[in-house]
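Throughout, numbering of the chain's residues begins at 1 and tracks the sequence.
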Amino acid sequence: MAEMKSPTKAEPASPAEAPQGDRRSLLEHSREFLDFFWDIAKPDQETRLRATEKLLEYLRTRPSDSEMKYALKRLITGLGVGREAARPCYSLALAQLLQSFEDIQLCDILGQIQEKYNLQAMNKAMMRPTLFANLFGVLALFQSGRLVKDKEALMKCVRLLKILSHHYNHLQGQPVKALVDILSEVPESMFQEILPKVLKGDMKVILSSPKYLELFLLARQRVPAELESLVGSVDLFSEDNIPSLVNILKVAANSVKKEQKLPDVALNLLRLALQENKFERFWKEVLEEGLLKKPSYTSSYMCFRLLGASLPLLSDEQLQLVMRGDLIRHFGEHMVVSKSQNPLRFIPEISAYVGTFLEGCQDDPKRQFTVMVAFTAITNQGLPVMPTFWRVTRFLNTEALQNYVTWLRDMFLQPDLDSLVDFSTANQKRVQVASLNVPERTVFRLRKWIIHRLVSLVDHLHLEKDEAVVEQIARFCLFHAFFKTKKATPQIPETKQHFSFPLEDGNRGVIVSAFFSLLQTLSVKFRQTPDLAENGKPWTYRLVQLADMLLKHNRNVANVTPLTAQQRQAWDQMMSTLKELEAQSSETRAIAFQHLLLLVGLHLFKSPAESCDVLGDIQTCIKKSMEQNLRRSRSRAKASQEPVWVEVMVEILLSLLAQPSNLMRQVVRSVFGHVCSHLTPRGLQLILAVLNPETNEDEEDNVVVTDTDEKQLKHGEDADSDSEDSKNSESDVDSEDGEESEEEDRDKDVDPGFRQQLMEVLQAGNALGGEEEEEEELGDEAMMALDQNLASLFAEQKMRIQARHEEKNKLQKEKQLRRDFQIRALDLIEVLVTKQPEHPLILELLEPLLNIIQRSMRSRGSTKQEQDLLHKTARIFMHHLCRARHYCHEVEPGAEALHAQVERLVQQAGNQADASVALYYFNASLYLLRVLKGNTTKRYQDGQKLEGADIKSEPKDSELSHQVQTTSCLDLDFVTRVYSASLESLLTKRNSPLTIPMFLDLFSRYPVICKNLLPIVVQHVAGSSRPRHQAQACLLLQKALSARELRVCFEDPEWEQLISQVLGKTTQTLQTLGEAQSKGEHQRELSILELLNTVFRIVNHEKLSVDLTAFLGMLQGKQQKLQQNLQQGNHSSGSSRLYDLYWQAMNLLGVQRPKSEKKNVKDIPSDSQSPISTKRKKKGFLPETKKRKKLKSEGTTSEKKAASQQDAVTEGAMPAATGKDQPPSTGKKRRKRVKANTPSQVNGVTVAKSPAPNNPTLSPSTPPAKTPKVQKKKEKLSQVNGSTPVSPVEPESKKHQKALSTKEVKRRSSQSALPKKRARLSLVSRSPSLLQSGIRKRRVARRRVQTP
């Protein structure tokens, strides 16, 4: 950076970029102009473009030759900078500059580039920047759009690119690529002139590189006659050239490995083959037999990309050739082998190619249909490799979509296996299994894929535009899922469809699941566009009508699962109920019941026995619900008069929730939202029994998982709990011997029965032996028999172990299903809380939800299901329940029970081991207080009379805040006792789960309770409590006194009395201020001062008649102690905070804090104190650079600089001439200069220096030159607490110094240089390396001062 003449000038260029001779011209430009070049090289594209535009605008509005020359020079210099990312930025900016200013000659710019970066004079270090600078220079000329018009510049650029093409190691094939791009835009006449200079007539050279081949293809396209005269007649796809083409394509594939794109030479070869009618040879011999003979992943991906890019270029016959060859089989094998998370998987790219093709031929449905069928026919042992959900299907027009659906349907009914392009992977060929190669398995896999593809097509269809296709798919799925043909009839087109292979049960199960998935999709689309369906009816209703029509044609159609007479009667009753509900379709409840009936009615074909009873119960409940008087108030209804149908409906909904169907889950939520207003306590208990299985022994009856005996399930749960207990007990005890623990793990599956059987077998075979038979050995027959018995015994044991593992896995799966069912059952709780927040049964949800939270928190890290259950329960409890705007108001009959529940919740909060769980319990108690208080508020606002309590209401406007005191539902004394006990627990227990924010929340919501609890808090501010508890009490009291709601609850005398009590308690704690030894005591001091500041502000603001003189004297007495602690660094993390709080309190008492000085007055440190530590304590000195600038401008000598820096020593120190110990300055930079002229202590060794004769010794109290403000600050020290500042002592040497003139000091500076140097050298030899860098700086500064 060159130095500027003024602050507004700047030089952004480095010395390497700006030559020394140009520095004077650089200073003439403004900072705005120079900043453009910095922004051009930034990585952000918008910043670069904006900077380029501003540069061009600047040059247009202010035409100047010097600035234009500088801009060109900077941009040309930037072409070869070391940052590779900045070179294209400068090249683009240069191109736009040349495009905007056409009077600039391109040859001149090219000459400047070659002069700046000379290829002949470059050395090895500058080779790469020079080569790239020339390349980007040519690209800049080409991108300006003027190069093709300037023949001379064009020829020079072509010659330069030919020279650059020889440096392949650095530039790869970029010069030839740039040459191809340039020649593709030049006129034909100029192309003919340039072609002989850039392309040789030897085909071996042309076929040696992809870039030369690309240049050859470009010439063949543009100037074929000139090329033929140069090279001759060439057949590029001859047998001799095929190997060279294969090698070129391999090189081209490797060159674009990072870019992951199709090489241009491959696409140009494809177009040439299509043009010369040699596509078949190119595709088979070059690609399939050449590149894919020993394929690498780069060659394979290039072939795949070429396949996608060739789709728009091929005819129907060529498409058939491509889509049924070896390349398509290789593509299918890649789709099967590659993992879904593999970043090299090709499905996104092929989807983009196919989507582009389908979108481009919207008017040609035949080609769309051909390509879709071709990709669908790529199968691996019958299973298509393409995903069932393929987004490209949204580009199909109506005719192509209809033809494709028809083809899928025909392939499902009568699979044509010969039309498929089927293959097997290498592993499948290696493992030949006869059962896997049968046609039935192939048909099963194909049909399974087709039915899922049909359902996925509906996601991309428009119900209005493609309604016929949607109906065709829905009818097809419904018919083949639940019905079969007995006799064909024209009224039912599906009866004319016949299977070439019988439909297996496995396929039919897939169709059933796909059908209900289709219902989910159709229901979502119907909710989004309800007016597009026929007559505004949902698709489920239309499908039920179709099923009813099929049931009536029992001569032609039969059910796959025949219906009994009772089940058929239930279906007919459902249809009649639907007609009744249709008459009341204006009501939302009728619509919800209708959806439930439709869905359960369709499940009648899937599981008739279960759905029949459910269907009858639903119809009974619906009839009773519709007959009930909906306008009757629930408050007038007794529990015995509540409709029983609600409980039955809850049981039905819970049974439907057990099904793994998202559609059923949504319908259940909708139905329960309409019936939850009639919920009874027993109905709620049915839901809670699912969520809290501990309260219900028959939990297995609620969710039917498997047909397992109840005793086995309970035994498994007991065994599981026992194993968990044993694991916990083992984790608590540290294992001392690793071998014993390994043996225990190895033998954990060995039971005593197996040990006994093993002993019996060994004894029977005499394998154990006794004392008398020690020398006897078993014979061969005995050994064989023993081996056989042991083998059978261990086989039985292995089977028992496997059975136990299977039982354990079975129990684990049942547990997962149970947790999933509980998560679904929480939907009903969420609906109840959100739809009916004022329902009295809401209050019964608190403890069950808390039990779920507590149980899930204990097993927090077990499974994801446990986490989901915990998060959902906590969200419902906190957001939908505790923070709800509406709540129950009819609590007067159960007020006693609610008070007991409040007490129980607060006690449970205090007994928790985890504070996060305690927070939920505490919030539940606050919610109950809100319910009790809110009931009174509502009646109070309605003008009803409130019953009196023990505490009198005040005659002010504060009655609204005291309405809790006059309530008949809330027992204030009882609640105060409950919370006072928990507050005592917080302020006395060592590890209490209760926290300060809990009680702050209580105080802010209910200031009346806060008023009653304040005496307890005040009592714990001082006394025998722990320091941590005293700090908590101070914090709690400080936040409470600052609340406006609390002040309204107090009369003025009561408030004054409370403030006096608080001040009295704080006085006891202030006695030990500044004497903290532990972290808790230090925190107590901080909290007590914060509380004191709050009280002082209240006293000053409200002008209370409280005497604060005692506090003033007490705090003044602690000033010296606090200041000493601050200087010594005791509790450095909070000592400054404590000192600030102290002076805040003093300011509130009328004593102003003295202004902080840059030069603190400190005592002389002891001999053992390290100068390094002293340096770190002192801060706030003037930077040394500024002092140099002032001294240099005034022309002072090095002696005056030393004198000015010696003033940093404390005022009470002795002069240096006295020979006593002098402490060094504590400034970081100034301290180094002081050490060169004053005696210092380094590592405990004193370095003394005698002053030179006739050389005045400067006193530490001598003020530095040109610093009168600092002197004035020292003379005007403020008086704090009646103490007067100590004036500095003026030594005798000061008078002598004042008598000296500036000229005499300059004359004697050379005489004192030698002693100064010796003293400095002695200091350097003994000082740490940290200080030596500063000494070297002082040497340079001294030379600058002494140089004339």
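- Looking at Leu213 and Leu236, their side chains come closer than 4.5 Å, going by heavy atoms from C-beta outward.
- Separation of atoms CG (Leu75) and CD1 (Ile109) is listed at 9.5 Å; rounding is to 0.5 Å.
- Ring geometry for Phe346 against Phe304 counts as tilted: the plane angle lies between 30° and 60°, on a 0 to 90° scale.
- Looking at heavy atoms from C-beta onward, Arg367 lies in side-chain contact with Phe357 at the 4.5 angstrom threshold.
- Expressed to the nearest 0.5 Å, how far NE2 of His166 lies from CG of Leu171 amounts to 12.0 Å.
- Across Thr77 and Val81, no two heavy atoms sit closer than the pair O-CG1, 3.6 Å.
- In this structure, OG1 in Thr130 is found 7.5 Å from CG in Asn123, a value given to the nearest 0.5 Å.
- Contact of the Lys69 side chain with the Lys73 side chain is not registered, since no non-hydrogen atoms from C-beta on lie closer than 4.5 Å.
- Looking at Asp235 and Ser238, their side chains never bring a donor and an acceptor atom within 3.5 Å of each other.
- Judged as a side chain to side chain contact (heavy atoms under 4.5 Å, CB included), and not counting sequence neighbours, the contacts of Ser184 are Leu218.
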Can you give the donor-acceptor pairs under 3.5 Å from side chains of residues 91-108 to other protein atoms, not counting sequence neighbours?
unit_1	atom_1	unit_2	atom_2	d
Ser91	OG	Phe136	O	3.0
Ser100	OG	Arg60	NH2	3.2
Ser100	OG	Gln96	O	2.9

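- Between Asn134 and Tyr117 the shortest heavy-atom distance is ND2-O, 3.3 Å.
- Residues Glu288 and Asp326 share a closest heavy-atom pair of OE2-N, 3.3 Å.
- Residue pairs that meet the salt bridge (charged side-chain N to carboxylate O under 4.0 Å, His left out) test with at least one member in residues 352-361, sequence neighbours left out, do not exist here.
- Applying the side chain to side chain contact (heavy atoms under 4.5 Å, CB included) test to Met155 and every residue at least two apart in sequence or in another chain returns Lys151, Arg159, Ile194, Lys197.
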Would Tyr58 and Glu67 satisfy side chain to side chain donor-acceptor pair (under 3.5 Å), going step by step from the backbone distance to the final call?
CA-CA 10 Å; Tyr58 182 89; Glu67 291 182 343; 3.1 Å; yes
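- In this structure, CD in Gln368 is found 8.5 Å from CG in Asp363, a value given to the nearest 0.5 Å.
- Between Ile182 and Leu161 there is a side-chain heavy-atom pair separated by less than 4.5 Å.
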Dump the intermediate steps for side chain to side chain contact (heavy atoms under 4.5 Å, CB included) on Leu217 and Leu269, then the final yes or no.
CA-CA 8 Å; Leu217 295 175; Leu269 278 175; 4.1 Å; yes
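- Residues satisfying the ring-ring contact (aromatic ring centres under 6.0 Å, His included) criterion with Phe216, sequence neighbours excluded, are absent altogether.
- Between Lys261 and Glu349, none of the side-chain N atoms (NZ, or NE/NH1/NH2) sits under 4.0 Å from a carboxylate O, so this pair counts as no salt bridge.
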Applying side chain to side chain contact (heavy atoms under 4.5 Å, CB included), run through Leu183 and Leu195 and close with a yes or a no.
CA-CA 9 Å; Leu183 294 180; Leu195 183 61; 5.7 Å; no
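- The closest side-chain heavy-atom distance from Arg281 to Glu239 is below 4.5 Å.
- Using a 4.5 Å cut-off on side-chain heavy atoms (C-beta onward), Val246 and Leu291 make contact.
- Atom CG of Leu135 and atom CD of Gln174 lie 7.0 Å apart (nearest 0.5 Å).
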Please walk me through it: do Leu160 and Gln114 pass side chain to side chain contact (heavy atoms under 4.5 Å, CB included)?
CA-CA 9 Å; Leu160 180 59; Gln114 292 179 332; 3.8 Å; yes
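- Taking all atoms of both residues into account, the shortest heavy-atom contact from Leu327 to Cys303 is CD1-CB, 3.6 Å.
- For the side-chain hydrogen bond (donor to acceptor under 3.5 Å, both in side chains) test, no residue two or more places apart in sequence or in another chain qualifies with Ser208.
- Using a 4.5 Å heavy-atom threshold, the side chains of Leu207 and Tyr212 count as separate.
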Run the numbers on Arg50 and Thr47 for side chain to side chain contact (heavy atoms under 4.5 Å, CB included), then give the verdict.
CA-CA 5 Å; Arg50 195 183 308 113; Thr47 306; 4.1 Å; yes
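- Residues satisfying the side chain to side chain contact (heavy atoms under 4.5 Å, CB included) test with Pro295, not counting sequence neighbours, are Leu292, Ser300, His330.
- No more than 12 heavy atoms of other residues, nucleotides or ligands sit less than 6.0 Å from atom CD of Gln221.
- Within 6.0 Å of CD on Glu259 lie more than 12 heavy atoms contributed by other residues, nucleotides or ligands.
- The distance from atom CG of Leu230 to atom CD of Gln192, rounded to the nearest 0.5 Å, is 11.5 Å.
- Counting only heavy atoms from C-beta outward, the side chains of Leu131 and Met122 approach each other to under 4.5 Å.
- A salt bridge links Lys156 with Glu152: at least one charged nitrogen is closer than 4.0 Å to a carboxylate oxygen.
- Among the candidates Val392, Leu311, Asp364, the single residue satisfying the side-chain contact (heavy atoms from CB on, under 4.5 Å) test with Leu358 is Val392.
- The ring-ring contact (aromatic ring centres under 6.0 Å, His included) check on His167 picks up nothing, with sequence neighbours excluded.
- Proximity of a side-chain donor or acceptor of Arg391 to a complementary backbone N or O of Ser351 within less than 3.5 Å is not detected.
- Under a 3.5 Å cut-off, the side chain of Tyr90 and the backbone N or O of Phe37 do form a donor-acceptor pair.
- Relative orientation of the Tyr70 and Phe33 rings is tilted, given thresholds of 30° and 60° on the angle between their planes.
- The side-chain hydrogen bond (donor to acceptor under 3.5 Å, both in side chains) test applied to Ser299 returns Ser296, not counting sequence neighbours.
- Residues that satisfy the side-chain hydrogen bond (donor to acceptor under 3.5 Å, both in side chains) test with Arg220, not counting sequence neighbours, are Glu276.
- Crowding of Lys278 atom NZ: a count of heavy atoms from other residues, nucleotides or ligands under 6.0 Å exceeding 12.
- A pairwise comparison of heavy atoms in Ser165 and Val176 identifies CB-CG2, 4.0 Å as the closest pair.
- Minimum interatomic distance between Ala219 and Phe191 (heavy atoms only, all atoms of both residues): CA-CZ, 4.0 Å.
- The salt bridge (charged side-chain N to carboxylate O under 4.0 Å, His left out) contacts involving residues 130-142 comprise nothing, where partners must be two or more places apart or lie in separate chains.
- Here Cys89 pairs with Ile40, Arg48 under the side chain to side chain contact (heavy atoms under 4.5 Å, CB included) rule; sequence neighbours left out.
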